[in-house]
Structure formats: C-alpha cells, structure tokens
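Working notes for the structure below.
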Amino acid sequence: MLSRIDYDDVTTAAKRIHGHVRPVTVAPVDAGERPYTLYFALEHLQHTGSFKVRGAQNFLLAHREAGTLPATGVTIASGGNAGLACAWAARQHGVPATVFLPATAPKVKADKLLTLGADVRLVGTEYADALAACEKFAADTGALASHAYDHPLIAAGAGTLLDEIHARVPDLDTVVVSVGGGGLFQGVATAARHHGIRTVAVEPEGSRALDAALRAGHPVDVPVASVASDSLGARRASAGAVETAGHDGVRTVLVTDEGIVRARRALWEDHRLVVEHAASTALAALDHDDPAAGYRPAPGERVCVVLCGANTDPGDLTAPAEPA
C-alpha cells in the first residue's frame, strides 16, 4: 500500500504535536574555506535523542483523538530510535508499549527502552526479523501496531521538522537527510517541495533500500551491512518514500562507511557534537576529503544538514575507530 502524504498532512501533524515535542535548534556552522553556507538542525537534542518522537506523537495523538488507542497499548519493531520514541510517547499517554528489536541493536538503546518502561523483545539479527515478530504480536494481542517509518502519520510527523527549519532559515536552498526506510525523508521532502527547497537523501552504500528501489522502479529487499545499519537498516524502503524520491527537487546519493565514520568524528572533534552514525551519514554527503562525495553545493548555496539522532556510545570518539 502506498503511504502517500501531502503538505496538508504535515501542517495537521504540526498542530497536533505542538507542545508535545521540542522545537528544533538550527545552528550556523563557521564558514572556514567553504563556498556555501552551512547549518546543522540539531534534532539529536529531541526527546529520546532522535526525530522519531515527532511521528510517534502524531501517531498516538491521532489514534487518541479517534478513540482507537487500545488499553492493550502499542507495539513497534525498531532498530532502537523508533522504539524509544514510541515507548516515550506511550508513557505520556498512559498505555503500555511492547518494542521488538533485533538482537544486534546497540545496548544503549535497549537499556534506555527499559528505563522508559517498555516491554523489550529481542528477535533475530535484522529489523525485518523484529518486524515480523511485532506483526504477529499485534495480531495475537490486539495491541495497536505502529511502524518505524512506513505509515502516513509517522512520515507526516517527521515532516514537521522541515517547517521548523524553514521558519529559522527562510532563504534555505537545500536540506540534507539520512535515509533508512524513508519516513524522515518522505516527510521532510514533502514539506520541502512546498517551500521550493531541494532535498538530498543520503544512504550508506551498504544499506541502500531507496537507491535500489529507484533502480528497480519499486520497493525491493536489499542486504543490510553498514556501520549505520542500527538506525538505517531497513531492508526495504516505503513505497511512499520511493514515490517522493521521484519528484523534482530531490537528489539521492550514497556514501561510504569510511565517510560516515569520518563525518561522525569531525562532528565531535570540530563541534563537540555527539551523534550516531545515522546522523553523520547526512553530513558525509558533503565530505570535502572524499572526491566521490555525493553532493557538492554551489557557491552561495544555503544548506542545512539534519543531525537526526544521538543514541550512541560515545566511547569510540576519542580512540581510533574503524568502520564495521
């Protein structure tokens, strides 16, 4: 099913979640020798450490408004961040959350889920394994099944981020986002298109569900093997994200694990920003040390990179690191 959204869905979500999420901080970055203007959207400072709270709140609030939020609560499969957001939002609404994670999910995310009161189930080694178990659990118990990215309420909630960025940088030309299953990309690109802003969608070479779908002409399964796969490890992009990527004003690029690790280290060493590899994936598209980097802004272009999450162990930022 195609989870299509439009800009009205994003503005409705913005009204619904107002006061339930933290407004994004947008920080200008020192120019140095860069010929374009760069901003960071510090969405890693959001509740639970990622943008996912926007979609989770929109999803649960919409179901509460409709009277379809069951006492059995909500369930979700996640690489970690969507589960954290869902559990946090469920606690706000006084309903239980059951979260399915692959056993490979970072311990920092699983531990945080427990502190939020979630029932955590570890299943398999990939997001797809957790998703299958989550779907069975929802069918067996009557829990409300949410999704990490492939749902119009989730994508529209994520898209509210772009309007906040645009309000702070009204002359923005380009927004750069990381892509896993495509919920953040679909929402942001939908809002960006309304404002005439270009969207650059960035994927790891080893976890390229959107790129593969665009080449095939429809969503397809891909192998997942990237340093950022704990957050960008969807085996298949949503149909809505694939359709959105076909619109004018969208660029899709791939980056290497080496570039992702280098960008994450640079965010720490140059700006003292601790983010997960999914967040540094977006910045890796602008890597000046890599002649094959995916996107080269024009002189004078105004570019905002979304730092989407910070649920990571920072211990490897001060020691030599190699991509997984």
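L254 places none of its side-chain heavy atoms less than 4.5 Å from the side chain of P204. You'll find the side chain of L38 reaches within 4.5 Å of the side chain of V305, heavy atoms only. Between T98 and F137 the shortest side-chain heavy-atom distance falls below 4.5 Å. Residues H47 and H20 have side chains not in contact (no heavy-atom distance under 4.5 Å, counting atoms from C-beta outward). Under the 4.5 Å side-chain criterion, counting only non-hydrogen atoms from C-beta, P102 is not in contact with E126. Within the 4.5 Å cutoff, side-chain heavy atoms of L144 are placed close to those of L69. Side-chain contact check for L267 versus F40: some heavy-atom pair is nearer than 4.5 Å. R215 has its side chain within reach of R208: a pair of non-hydrogen atoms, C-beta onward, lies under 4.5 Å apart.
Of all the heavy atoms in I17 and G157, the pair that sits closest is CD1-O, 4.5 Å. The shortest non-hydrogen separation linking S146 to V74 is CB-CG2, 3.9 Å. Shown here for P219 and A237, the closest heavy-atom pair between the two residues is CB-O, 3.4 Å. T141 and T72 make their closest contact through O-CG2, 3.8 Å (heavy atoms, listed as atom of the first residue, atom of the second, distance). When all heavy atoms of A278 and S178 are compared, the closest pair comes out as O-OG, 2.5 Å. For the residue pair G159 and A191, the shortest heavy atom distance occurs at O-CB, 3.9 Å.
In this structure, OG1 on T199 lies 11.5 Å from CD on Q186, to the nearest 0.5 angstrom. Taking CZ from R16 and CG from L153, the interatomic distance works out to 6.0 Å, rounded to the nearest 0.5 Å. Here OG1 of T160 is found 7.5 Å from CG of N58. Values are rounded to the nearest 0.5 Å. The distance from atom CG of L307 to atom NE2 of H271, rounded to the nearest 0.5 Å, is 9.0 Å. Here H147 contributes atom NE2 and S78 contributes atom OG; the two are 10.5 Å apart, rounded to the nearest 0.5 Å.
Using a distance-only test at 3.5 Å, with no hydrogens or angles considered, no donor-acceptor pair links the side chain of S207 to the main chain of S229. In this structure a side-chain-to-backbone donor-acceptor pair under 3.5 Å is present from R251 to G294. For E243 (side chain) and R4 (main-chain N/O), no donor-acceptor pair under 3.5 Å exists by modelled atom type. Proximity of a side-chain donor or acceptor of T312 to a complementary backbone N or O of P314 within less than 3.5 Å is not detected. At distances below 3.5 Å, at least one donor-acceptor pair connects side-chain atoms of R22 with backbone N or O atoms of L45. Of the possible polar contacts, none joining the T75 side chain to the A138 backbone as a donor-acceptor pair under 3.5 Å is found. Panel note: side chain N311, backbone T48; a donor-acceptor pair is recorded below 3.5 Å. Of the possible donor and acceptor atoms, one in the side chain of D9 sits under 3.5 Å from a partner among the backbone N and O of D6. Side chain of D129 to backbone of T125: a donor-acceptor contact under 3.5 angstrom is found. Judged by distance alone, with hydrogens and angles left aside, the side-chain atoms of D257 form a donor-acceptor pair with the main-chain N or O of V227 at under 3.5 Å.
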Side chains of residues 107-115: which donor-acceptor pairs under 3.5 Å do they make with residues two or more places apart or in other chains?
{"unit_1": "K107", "atom_1": "NZ", "unit_2": "D111", "atom_2": "OD2", "d": "2.6"}
{"unit_1": "K109", "atom_1": "NZ", "unit_2": "D230", "atom_2": "OD2", "d": "2.9"}
{"unit_1": "K109", "atom_1": "NZ", "unit_2": "S231", "atom_2": "OG", "d": "2.9"}
{"unit_1": "K109", "atom_1": "NZ", "unit_2": "E276", "atom_2": "OE2", "d": "3.4"}
{"unit_1": "T115", "atom_1": "OG1", "unit_2": "K112", "atom_2": "O", "d": "2.6"}

Does the pair L273 and L42 meet the rule for a side-chain contact (heavy atoms from CB on, under 4.5 Å), with working shown? CA-CA 9 Å; L273 294 173; L42 306 181; 4.2 Å; yes

Would L84 and K52 count as a side-chain contact (heavy atoms from CB on, under 4.5 Å) if you check the C-alpha gap in whole Å, the side-chain angles of each, and the deciding distance to 0.1 Å? CA-CA 8 Å; L84 287 167; K52 294 283 191 179; over 6 Å; no

Take R265 and R262, measure what side-chain contact (heavy atoms from CB on, under 4.5 Å) needs, and give me the verdict at the end. CA-CA 5 Å; R265 181 68 64 88; R262 186 164 52 242; 5.8 Å; no

Where do D270 and V29 land on the side-chain contact (heavy atoms from CB on, under 4.5 Å) test, with the steps shown first? CA-CA 10 Å; D270 298 343; V29 182; over 6 Å; no

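Residue I197 is found in a hydrophobic cluster whose other members, listed by chain and number, are V24, V26, Y39, F51, L161, L162, I165, V169, L172, V175, V177, V179, L184, F185, V188, L210, L214, V242, V250, V306; membership requires side-chain heavy atoms under 4.5 Å apart, directly or through intermediates. Members clustered with L131: Y127, Y149, by chain and number, using a 4.5 Å side-chain heavy-atom cutoff among hydrophobic residues.
Hydrophobic clustering (side-chain heavy atoms under 4.5 Å, transitive across Ile, Leu, Val, Met, Phe, Trp, Tyr) groups V275 together with V303. Linking ILVMFWY residues whenever their side-chain heavy atoms come closer than 4.5 Å, directly or via other members, places L286 and V202 in the same cluster.
Legend: residues meeting salt bridge (charged side-chain N to carboxylate O under 4.0 Å, His left out) with D140, ordered by chain and number and at least two apart, are K136. By the salt bridge (charged side-chain N to carboxylate O under 4.0 Å, His left out) test, D221 is found to be paired with R236, residues two or more places apart in sequence or in another chain being considered.
Screening residues 151-181 for ring-ring contact (aromatic ring centres under 6.0 Å, His included) gives F59-H151, H166-H195 as the qualifying pairs, with residues at least two apart or on separate chains.
Under the 3.5 Å distance criterion, with hydrogens and angles disregarded, no donor-acceptor pair is assigned to the side chains of R302 and T37. If you check the side chains of D287 and Y295, you find no donor sitting under 3.5 Å from an acceptor. Looking only at atom types and distance, the side chain of T281 has no donor-acceptor partner in the side chain of E203 under 3.5 Å away. Between the side chains of R168 and T25, not a single donor N or O lies within less than 3.5 Å of an accepting N or O. S280 and R264 form no side-chain donor-acceptor contact under 3.5 Å, judged by distance and modelled atom types alone. Residues Q57 and H93 have side chains that bring a donor and an acceptor to within less than 3.5 angstrom of each other.
Using a cutoff of 4.0 Å between basic side-chain nitrogens and carboxylate oxygens, E301 and R34 are not scored as salt-bridged.
Residue H247 qualifies as enclosed at atom NE2: its count of foreign heavy atoms under 6.0 Å is above 12.
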